[in-house]
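Working notes for the structure below.
Protein chains get the first letters and strands the later ones, always in sequence-line order, with residue 1 at the start of each.
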Amino acid sequence: MKPFDYRALDEVLHGRVRLGIMAFLQGARQSDFVELRNALELTDGNLAAQLRKLEENGHVRITKGYMGKRTRMTVTLTEQGDAAMKAYLDRLRSLFPEN
Amino acid sequence: MKRMMILPEDFKALHALVDAGRRAAALDGRHLLIFGALTAAVLALQYVAETRDWLPSDVLWRWQPAVLIGFLVAMFMLRRGAGRRLGHPVARAYVASFGLAATTIALVMLAKGSGERPDGYWTAVVVSCAIGSAYLFVGAVTPLRWMALPGFGWLALFVFYVDRQAVVPTDWLRLSMAFLLLMALPGAVLIARKSR
């Protein structure tokens with residue numbers, strides 16, 4: 001592989017909203033829908049769609065439960081997602097070695 | 001969300017998001033630090049007082065209700081401090097597990113100590129088991145895996161007291177060290193991680 005091979009970038013992570021979600025989760029490891037929506041200033045629909053895509057690819061795990069009468073969606077960064085995010089950032093850094 | 005492009009500057013935006021996530025998940029460890037340090041000091045005082053015949057024995061045993069009151073106050077402080085963040089999965093697991101531990105300790109102490117001097121042995125057994133289980137639960141269900149370590153420490157103390165079936169003055173020193181290392185220290189670690 002060349003020092004920087006754009007084809008090696010994870011296509012799922014490369015979307016800027018999904019990248020933002022994954023970056024936030026890398027720090028938090030676990031969050032919920034409302035916290036993610038507020039932190040990233042997203043609409044419910046957009047966040048739900050992006051989370052679904054991340055879940056389909058095994059980057060996050062989504063569990064639904066109740067807190068009082070309200071439903072609560074918990075989003076957890078999976079080990080696979082964590083590794084994928086680190087690999088993605090490493091590949092980007094290879095393009096910008098000063099970072 | 002601020003628009004991100006794949007440029008060196010965008011790494012800063014990504015790092016800012018990672019930091020925001022870390023801060024969101026961080027728990028405030030002040031209550032553990034204060035409660036652990038105070039209880040350790042009270043237990044050390046009991047050890048010194050008992051081995052040097054300092055204070056009347058009925059005064060010495062006041063540390064047990066103090067442990068309970070301190071624990072309940074600590075939980076209250078955590079709930080207030082958590083505020084809106086009680087909705088966060090980590091904060092919820094933390095408050096639930098330590099709240100259950102405080103309730104268990106309260107019920108056992110009420111049942112065992114009503115009308116007479118509280119039994120130090122049972123307090124040591126219940127406190128070590130309840131707090132150890134709370135730590136283990138938090139370590140198991142949240143990303144704060146390291147919290148299982150003080151949990152194992154408390155449960156080792158629990159097994160030790162179940163086996164011993166009695167307490168002697170040296171145990172106040174042992175428990176004092178436990179509160180310092182397994183309660184105040186994790187509190188300090190939480191504070192350090194939050195402010196990082």
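- Note that the CG atom of B:Leu144 and the CZ atom of A:Arg29 stand 11.0 Å from one another [nearest 0.5 Å].
- Annotation: salt bridge (Lys or Arg N to Asp or Glu O under 4.0 Å) contacts involving residues 158-169 of chain B, sequence neighbours excluded, comprise B:Arg164-B:Asp171.
- Transitive grouping of hydrophobic side chains (ILVMFWY, heavy atoms separated by less than 4.5 Å) keeps B:Val141 and B:Leu155 in distinct clusters.
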Using side-chain contact (heavy atoms from CB on, under 4.5 Å), reason through B:Leu17 and A:Leu40 one step at a time and then give a plain yes or no. CA-CA 9 Å; B:Leu17 271 174; A:Leu40 300 168; 3.4 Å; yes
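- If you chain together hydrophobic residues whose side chains sit under 4.5 Å apart, B:Trp146 and B:Phe137 never meet in one group.
- Connection of B:Val125 to B:Leu182 is established within a shared hydrophobic cluster, with ILVMFWY side chains joined at heavy-atom distances below 4.5 Å, either directly or through further cluster members.
- The two residues A:Gln26 and B:Val18 have their closest heavy-atom pair at OE1-CG2, 4.1 Å.
- To the nearest 0.5 Å, atom CE of residue A:Met22 and atom CG of residue B:Leu14 are 11.5 Å apart.
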